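Worksheet for the structure shown next.
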Amino acid sequence: MSSEDQRAELVALGGAEAAPARPHQAESMGTFPDLPGAVDGHVVLRLAPFPSGALHIGNARMLYVNDHYRRRYHGRLLLVFDDTVGSKEKRIAPELFDVIRHDLDIANVPPDEVLYKSDRLPVVYDWARRVIDAGGAYVCVCPTELLQKRRALGEPCPERAQTLAETRDGWARMLDGGFATGEAVLRLRTDLADPDPAFRDRVLCRLSDLDHPRVGRKWRVWPMLEFSWAVDDVELGITHVLRGKDLVMEDRMEEFVWRLLGVKGPPFLHWGLLRVAEAKISKSKGYAQVQSGEYDGWADPRLWSLDSLERRGISAEALRRFTLGFGMSLADIEVPAETLYAENRQVLDPTTPRRSFVPDPIAVDVVGYPTELAEVDLPNHPERSELGTRSVAGGPLFWLAGSDVRAHLGEVVRLKDHANIELPREMPPEGPLVASFTSRENRRLPRLQWVGAVHAVTVDLLDPDGTHRKGLGERTLRGAAPSDIFQFERVGFVRVEPDWIPGTEPLRVCFGHV
RNA sequence: GCUCCCGUAGUCUAGUCCGGUCAAGGAUUCGGGGCCUUCGACCCCGUAACGCGGGUUCGAAUCCCGCCGGGAGCACCA
């Protein structure tokens, strides 16, 4: 795609109309090379999540890179659940199929079609037979440790020399229950002298008695991930495989099988590993913590799941820009979440209403307060008058943030957009702090957000680390709706919890970022 | 240990294939200023980088070699 096309896409996403073309690079968007041999309208890509946990921020790159190319070439994007039983350590959780589909909704990456590896065993078996017939595989009965040791040493196990008939017989026994789980595997005959020990006679298929959430124990022989993709990247007509570079060896495996069978498969493109510094959680580990109740479901902000990001008011657009900003770089990177927040701020700031919230509130009684200020209109947005105004309660009784009060004792401060008051020199032993009104004109003073005491709303703010901030918000918050997003001035962007019942207190919100 | 990948400012990224237009561009962060009402936004200014060492060349971020550093794989997980 030319830089102009990239710009065009960003503009289409609503991002860059204000940004003029720059000489060297149009956007902060990374570079995406053309897909080799891609024909507009005939590109088929695939997403292959393993349903062991909700999608998290680390998976977002896979989503958006594939979606980016789908859009560029007007192609199709298949969601293919990689549900090839897994293991005791990596289990498939039944509810995750729906959770992941929901995650794609949240990310705004709708799949064109949804498929399951667990429906495709007959095709896999057919390919296995073809590989066997081509003399490319054998049935190995080595115990796991012995197999690994021999692989490391580059030594063959006795079965490697088995005849075609013996392999066919062994494979038939695997299929019809002649072997117990773990007793036999189908291995690809590569080259035991291959310099990469990881590539020596990889396992193609294995036995498993795990109960599969979708198909139960219908099948006992399951393919390994790379073999299943050797099959389906061809069978499903995938034109380009875009995957993280942790899967490069799988490329070789697939290509080896294709060469053996004389079929042509798609080319591979990779990107490097992306880690968000603040998010160090694996899908499977997260699952355990959700199950144990340690975490508050998949939307717990500590999980950095897509669900939790939505809960925090992080938009799909911000996630998309954030992810695409890295391009197809192969470098392994760790990025601070602030980079994502910066993108989200751009999305949210122009349209998000401002509201007042004071954490850890302290009551302040202002003497000499003009009675005509009991009601006051404030703009919903400092720069965008089209967003209107709201009416809030003024004094003389206010709530101010405890930390603000303590930091400014004895000083004249400005209640933002409202009035100036002088705070006493010391905190009173009990009762409200007594301050005095000084003036109304806008002066260069420390500006504090404030909440008029009349009808103030109790607010419970959930922080991303799982802790809570309790405080009071302006009375208009009483009219909030679930999923509303506000900017609490001098605090940050928050989103009203989707399950909060309107009118109840406290108002529950989830913190996004400053 | 073996295999593969990567190494441009605090953090990302463009440029590296096809050496000069790169005294290295953009984003973000940070610092300063503006906008006389946010610790937000916006605007302006600024700090700041080609991992190291050789080589090829008139000329190297770009090509070659070595080294160092980081990551991934070496599962009957995905």
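The shown structure was predicted, so the numbers you read here are calculated from the model rather than taken from an experiment. Throughout, a chain's letter reflects where its sequence line sits, starting with A, and its residues are numbered from 1.
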In whole angstrom, give the distance that lies between atom [atom1] of [X] and atom [atom2] of [N].
X         : N      : atom1 : atom2 : answer
Arg61(A)  : U13(B) : CZ    : C1'   : 11 Å
Leu340(A) : U11(B) : CG    : P     : 19 Å
Asp377(A) : U37(B) : CG    : P     : 18 Å
Met328(A) : C12(B) : CE    : C1'   : 17 Å
Leu96(A)  : A78(B) : CG    : P     : 15 Å
Leu210(A) : A78(B) : CG    : C1'   : 14 Å
Ile333(A) : A9(B)  : CD1   : P     : 14 Å
Leu378(A) : U38(B) : CG    : P     : 13 Å

Answer yes or no: side-chain N or O of [X] and base N or O of [N] forming a donor-acceptor pair under 3.5 Å.
X         : N      : result
Glu334(A) : U11(B) : no
Arg447(A) : U38(B) : no
Arg354(A) : U38(B) : yes

Of the listed nucleotides ([options]), which one gets closest to any side-chain atom of [X]?
X         : options                : answer
Glu226(A) : U37(B), A78(B), G15(B) : A78(B)
Val335(A) : C12(B), C5(B), C35(B)  : C12(B)
Phe493(A) : G40(B), U37(B), U28(B) : G40(B)

Open item on the list: Could you tell me how far G15(B) sits from G33(B) if I compare only their P atoms? Round to whole Å.
Closed with: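 Here G33(B) and G15(B) have their P atoms 37 Å from each other.
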
Considering residues at least two apart in sequence or located in another chain, which fulfil the side-chain hydrogen bond (donor to acceptor under 3.5 Å, both in side chains) criterion with [X]?
X         : value
Arg414(A) : Asn420(A), Asn442(A)
Ser87(A)  : Glu89(A)
Arg475(A) : Glu375(A), Ser391(A)

Open item on the list: With a sphere of 6.0 Å drawn around CZ of Arg101(A), does it hold more than 12 non-hydrogen atoms of other residues, nucleotides or ligands?
Closed with: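 Result for CZ/Arg101(A): open.
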
Task: Any Gln346(A) side-chain nitrogen or oxygen under 4.0 Å from OP1 or OP2 of G40(B) - done: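 Indeed not, no polar side-chain atom of Gln346(A) lies that close.
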
Open item on the list: When you measure from the side-chain N and O atoms of Ser329(A) to the phosphate of U13(B), is any distance below 4.0 Å, counting only OP1 and OP2?
Closed with: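 For U13(B), OP1/OP2 do have a side-chain N/O of Ser329(A) under 4.0 Å.
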
TODO: Would you mind building the protein contact string for nucleotides 69-76 of chain B? One character per nucleotide, 5' to 3', B for base within reach (heavy atoms under 4.0 Å), S for sugar-phosphate only, - for untouched.
DONE: -BSSBBSB

Task: Counterpart base for G40(B), defined by Watson-Crick or G-U wobble contacts under 3.5 Å - done: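 Check on G40(B): unpaired, no WC or wobble geometry under 3.5 Å.
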
Open item on the list: Strictly by Watson-Crick or wobble contacts shorter than 3.5 Å, is anything paired with A72(B), and which nucleotide is it?
Closed with: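 Looking at the geometry, A72(B) pairs with U3(B).
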
Task: Ring centroid separation Tyr116(A) to Phe97(A) under 6.0 Å - done: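 Close enough - the centres of the two rings lie under 6.0 Å apart.
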
Task: Pairs satisfying side-chain hydrogen bond (donor to acceptor under 3.5 Å, both in side chains), at least one member in residues 219-228 of chain A, at least two apart - done: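 Qualifying pairs: Lys117(A)-Ser228(A), Arg202(A)-Glu226(A), Asp209(A)-Arg220(A).
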
Open item on the list: Taking side-chain hydrogen bond (donor to acceptor under 3.5 Å, both in side chains) as the cut-off, I'd like each qualifying pair that reaches into residues 245-255 of chain A, sequence neighbours left out, listed once.
Closed with: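 Only Asp194(A)-Arg252(A), Arg243(A)-Asp251(A), Arg243(A)-Glu254(A), Lys245(A)-Asp332(A), Asp251(A)-His270(A) qualify under side-chain hydrogen bond (donor to acceptor under 3.5 Å, both in side chains).
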
